[in-house]
Each structure stands twice: as structure tokens, then as C-alpha cells.
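Lettering follows sequence order; numbering is per chain, from 1. Given the structure is predicted, the values throughout are model-derived calculations rather than measurements.
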There are 2 protein chains.
Amino acid sequence: MENTNICPVDYVVDLISGKWKVLIIWNLKFGKKRFGQLQRILTGISKKVLSQHLKELENSGLIIRTVIPSIPVQVEYSLTERGMELSAILEEINQFGAILLKGPTVPKS
Amino acid sequence: MENTNICPVDYVVDLISGKWKVLIIWNLKFGKKRFGQLQRILTGISKKVLSQHLKELENSGLIIRTVIPSIPVQVEYSLTERGMELSAILEEINQFGAILLKGPTVPKS
DNA sequence: CGGCATCCTTACTGATACTG
DNA sequence: CAGTATCAGTAAGGATGCCG
């Protein structure tokens, strides 16, 4: 997750390389979600890893963290404009990946 | 690098998530390269890691490995059709990443 | 020259318990 | 509820040497 790259592509790939980052962004596309909701959706993720990834995505300017000072506290996460743009790219990647998954592993070039 | 995903996006992200995968594809875009060439271009990569990544990219159907049976042997790597398609997506990601790198880390949403 | 085998180090991920 | 702290396991990455 360390990023000492000069290359923008590597930078973005690092942003979404975590085991769960893509899934988080993917889910936030459909509207804001609370911490607990995300944890339930991303079956198996631990609180530590989730908050860690959320923090990284926030630092990258891809998501926004909103604290609702109720008791007990609620925290909502949603995509920023940039997060939206990224999820559009993820859509394309999705198309591409779907084709790869259907076809043979090593097609003739 | 393990891939038990159902999601095509994760699948593709896994394909390019290695520390050097993107750089390898990026370089092969400009024509086929030999093992030694790649090792020189990707400053700091070890032979083990390079061959490991090349093998994974080959298994993914993104690059082609061609052995030239001279003495000593030569091996050339080049992109497949799919590798080309992927590099097109990488171009887009590059645009996006460049913007992220220029702008502030956390822009207002 | 290309690349596999071995060993070692580090980074990532996870389970659990505890706090505001 | 939404985290942080600590401890532990696993997997990726790297250094080096050997082989066809």
C-alpha cells in the first residue's frame, strides 16, 4: 500500500489495490453507507481493516466521512466527485474483466 | 495475488496489482522486449520477481512469451490483443491519476 | 541469457479486546 | 456505534546462487 511511485497509473492502482477497496467504492456508488452497514456487506472484513481502508480512501480524496454526533455516534461514508469518476473507470474495467473471465485463459494473440 | 473473487473488477485489479505489473505492460506497449531489457528498464527488480510477474501476466493472457532457440537462449515478451485493450484502460487511469496527483489530497466533494 | 530454488525480510491481513 | 491497540499469521517482495 506504500506509494513511492512517480507513475499516475501505479498511484491509482495502489489506491484500489487493497483487498476490499474496490468493493467499498462499488458499494458507495449506490449511496452513502454507515460503518456497520459496510461491515455487514463486506462479509468477513474486520473492523480494523475496514476502518484502515476507509481512512486511506478518505486521504486519497475518494470518499467523504461524515460524523453524526448522536448517541451512540453514527458515521456515514459517501463518494466524492473524484470517487464518482473513479467508479466510472471501474465500470469500464468491469466490462473488460467480464470478457476476460468468460474467454479462455490464454487466447491466441 | 490470490483470486477467489466473483467480481470482474477485482479480477482485473488483481491482474495488475503486483508491484511491477503495470510498468511491465506499460513498457511492452512500445514493442516487444527481452527479459534482460525489462530487467534493465525496471530498475531494482530481481530476476525472480520479474519472471514471476511475467509468468502471471502470461497466464492471464495479457502477454506472449516467445523463445528464440539461439545460444544462449533469448526470450521475447509482447502484449496480446487483450494486453493492448488493457493498456488502453491504463491510459485512462493514467489521465485520472495525473489529475489526482496534481490536485489537493482531499478536495471538497 | 533466462529463470528456478532457497532463504530472509517486510508489508498486509485478521482476531480479539478495549475505549469515547 | 465506530473505532483504536495489540498480537499473530500469511503472503508478497527481494538477495543470492545454481542450472540448461
Side-chain angles (χ1 to χ4, degrees), chain A residues 1-5 7 10-25 27-28 31-60 63-78, chain B residues 1-5 7 10-25 27-28 31-60 63-78:
Chain A
M1 226 64 68
E2 181 65 38
N3 190 10
T4 38
N5 299 316
C7 171
D10 276 336
Y11 178 73
V12 175
V13 170
D14 280 349
L15 290 187
I16 59 179
S17 282
K19 191 174 178 181
W20 305 93
K21 295 242 181 74
V22 167
L23 283 172
I24 294 172
I25 296 173
N27 276 288
L28 290 182
K32 56 190 175 190
K33 295 268 187 310
R34 288 176 47 190
F35 188 92
Q37 285 184 287
L38 285 172
Q39 200 180 2
R40 252 168 281 125
I41 296 169
L42 310 176
T43 321
I45 195 171
S46 69
K47 284 188 291 183
K48 176 192 154 191
V49 174
L50 177 56
S51 69
Q52 193 174 283
H53 283 177
L54 287 171
K55 198 180 295 175
E56 285 170 21
L57 289 170
E58 192 192 359
N59 290 337
S60 310
I63 68 174
I64 285 282
R65 179 175 178 274
T66 312
V67 180
I68 300 164
S70 54
I71 297 175
V73 243
Q74 288 183 204
V75 182
E76 286 179 345
Y77 293 90
S78 55
Chain B
M1 226 65 69
E2 182 65 36
N3 190 11
T4 37
N5 299 315
C7 171
D10 276 336
Y11 178 74
V12 174
V13 170
D14 279 350
L15 291 187
I16 59 179
S17 282
K19 192 173 179 182
W20 305 93
K21 296 242 181 73
V22 167
L23 283 173
I24 294 172
I25 296 173
N27 275 288
L28 290 182
K32 57 189 174 190
K33 295 268 187 308
R34 289 175 49 191
F35 188 91
Q37 285 184 287
L38 285 172
Q39 200 179 2
R40 254 167 280 126
I41 295 169
L42 309 176
T43 321
I45 195 173
S46 69
K47 285 188 292 182
K48 176 195 155 190
V49 175
L50 178 55
S51 69
Q52 192 174 282
H53 283 177
L54 286 170
K55 196 181 297 174
E56 284 170 23
L57 290 170
E58 192 193 357
N59 290 337
S60 310
I63 67 174
I64 286 281
R65 180 176 178 275
T66 312
V67 180
I68 301 164
S70 54
I71 298 174
V73 248
Q74 289 183 206
V75 183
E76 286 180 345
Y77 293 91
S78 54

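The interatomic distance linking A:D14 (CG) with C:dA11 (C1') rounds to 13 Å, in whole Å. Distance, B:L50 CG to C:dC1 P: 14 Å, rounded to whole Å. Whole-Å rounding puts the B:Q52 CD to D:dA12 P distance at 8 Å. Here the P atom of nucleotide C:dG2 and the NZ atom of B:K47 are 10 Å apart, to the nearest Å. Note: NE2 (B:H53) to P (D:dA11) measures 15 Å, nearest angstrom. If you take CD1 of A:I71 and P of D:dG3, they are 16 Å apart, rounded to a whole angstrom.
A:R34 has a side-chain polar atom (N or O) that falls below the 4.0 Å cut-off from OP1 or OP2 of D:dA2.
Each of B:N27, B:I24, B:L23 was checked for a side-chain contact (heavy atoms from CB on, under 4.5 Å) with B:I41, and the lone residue meeting it is B:N27.
Note that the CZ atom of B:R34 and the CD atom of B:Q39 stand 12.0 Å from one another [nearest 0.5 Å]. To the nearest 0.5 Å, atom CZ of residue A:F35 and atom CZ of residue A:R40 are 11.0 Å apart.
Closest approach of B:L57 and B:L15 over heavy atoms only: CD2-O, 4.0 Å. In terms of heavy atoms, A:Q37 sits closest to A:K32 at OE1-O, 4.4 Å.
Within 4.0 Å (heavy atoms only), A:V75 reaches sugar-phosphate atoms of the nucleic acid but no base atom.
DNA chain D lies under 4.0 Å from no heavy atom of any residue of residues 35-42 of chain B.
Of the two residues contacting DNA chain D, namely A:L54 and A:K48, the nearest-nucleotide position lying further toward the 5' end is that of A:L54.
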